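Computed from a prediction, not measured in an experiment: that's the story for all the values here. Note on naming: letters A, B, ... go to the chains in the order of the sequence lines (proteins, then strands), and numbering restarts at 1 for each one.
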There are 2 protein chains.
Amino acid sequence: MSSTPPGDALHRLLHAYKRAMREAYRAAGIDLPSSHVRTLKAICGLPKCTAQAIAERMHRDKSQITRVVHDLQAAGLITRRPDPDDGRRQLLAPTASGKRLRARVAEAEREAGTRMVRGLPPTSVATFVRMAETMAANLDTTES
Amino acid sequence: MSSTPPGDALHRLLHAYKRAMREAYRAAGIDLPSSHVRTLKAICGLPKCTAQAIAERMHRDKSQITRVVHDLQAAGLITRRPDPDDGRRQLLAPTASGKRLRARVAEAEREAGTRMVRGLPPTSVATFVRMAETMAANLDTTES
DNA sequence: CGTCATGGTTGACTTTGTCAACTAACTTCG
DNA sequence: CGAAGTTAGTTGACAAAGTCAACCATGACG
């Protein structure tokens, strides 16, 4: 019975969220898939950013990062140069246009984000986010 | 700073959740993709269930439902027979083994679900689910 | 030096979601 | 009645996202 399986609500929410984001991106003239956008955000956010760091930070497969990074570079949004300290690593950094795009993304997201939490007390939203993080951590760490 | 963009937390959570579910399914010897499982749950939950009803209920594309339903039928988990009242519609219902599977799924989910909310007060979890639903509704309804 | 871990790349593949065209069955209404 | 529109479902094609495993380099360490 349990009329509200938590997974369903989650699934619907993320689905709606992704749709809203894609919508927002398109409205802002940004035609990148959302995973690329998130990767770009990560690169802009982390100071000395490597592919590994991104993969770890957002729990994604290395191969995925490789491909996305490749695309972003091809689009002239980021630069990739070998780390002088370690020949295996490559340091990722946004270009000027990458940073500009990132700013526009932030703008679009803020708009959609506020729309999402319309009518909800801000403190609850903070709690919500914290809970989401706790749950994710719970699920992650308990992997045998 | 706003070190925690709400979307990221969401994404990580759903990702972790899906992984946990798949893990749980596999551990229970259920080798169905999660979308099939969710569809089966919907069919078991709705009394007189049509493909359209499912699509609407979980905001998914009709075509997706068609294919999943087809698979479930091929696996002998559901039956599909034309609605006597309307020749276009098809009534979907779980078979005996479909119901059994559904029960096992519920078991596995309960286990993973409780693991997820470990250490969180149950009332907060309820609030969390309600908020998730509100947000999803916010995003859905505000489409121009 | 050999061995092993690490960062990254590649290929093949599955799952999920999206779009558009299309059939068949109902409905509406002139 | 019959033409026009709706609705349920199907199909094909495709993009996006995630997963798995094998594979080079480079670096670290005995």
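- Ranking D:dT26, D:dT6, C:dG8 by closeness to the A:Gln52 side chain, first place goes to C:dG8.
- Remark: B:Gln64 is not in phosphate contact with C:dT16, judged by side-chain N or O atoms under 4.0 Å from OP1 or OP2.
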**Prompt:** Step by step, would you call A:Leu92 with A:Thr50 a side-chain contact (heavy atoms from CB on, under 4.5 Å)?
**Reply:** CA-CA 6 Å; A:Leu92 307 172; A:Thr50 71; 5.9 Å; no
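- Contact annotation: B:Arg80 side-chain N/O to D:dA8 OP1/OP2 distance is not under 4.0 Å.
- Dashed line: the shortest gap from a side-chain N or O of B:Arg60 to OP1 or OP2 of C:dG17 is under 4.0 Å.
- Closest to the side chain of B:Thr50, out of D:dG9, C:dC26, D:dT26, is D:dG9.
- With hydrophobic clusters built from ILVMFWY side chains whose heavy atoms lie under 4.5 angstrom apart, B:Ile65 does not share a cluster with B:Leu91.
- The side chain of A:Ser63 has D:dA21 as its nearest neighbour among D:dA17, C:dT16, D:dA21.
- Under 3.5 Å, the side chain of B:Arg67 and the base of D:dG12 form at least one donor-acceptor pair of N or O atoms.
- Nucleic acid contact for B:Asp86: sugar-phosphate only, since backbone atoms but no base atoms lie under 4.0 Å from a heavy atom of the residue.
- No hydrogens or angles were tested; on distance alone, nothing pairs the side chain of B:Arg22 with the base of D:dG18 as donor and acceptor under 3.5 Å.
- Close to D:dA16, at under 4.0 Å from its OP1 or OP2, lies no side-chain N or O of A:Ser34.
- Of the residues listed (A:Glu109, A:Arg26, A:Arg38), the one engaging A:Met21 in a side-chain contact (heavy atoms from CB on, under 4.5 Å) is A:Glu109, and it is the only one.
- Here A:Thr66 lies in heavy-atom contact (under 4.0 Å) with a base.
- Take the nearest nucleotide of DNA chain D for A:Pro33 and for A:Asp85: the residue whose nucleotide is more 5' is A:Pro33.
- Two residues are said to be in side-chain contact when any heavy atoms from C-beta on lie closer than 4.5 Å; B:Arg102 and B:Lys41 meet this criterion.
- Heavy atoms of B:His15 sit under 4.0 angstrom from primed sugar atoms or phosphate atoms, though from no base atom.
- Taking side-chain N and O atoms only, A:Ser35 has a distance below 4.0 Å to OP1 or OP2 of D:dA17.
- Considering only the side chain of B:Lys18, C:dT16 comes nearest among C:dG7, C:dT16, D:dT6.
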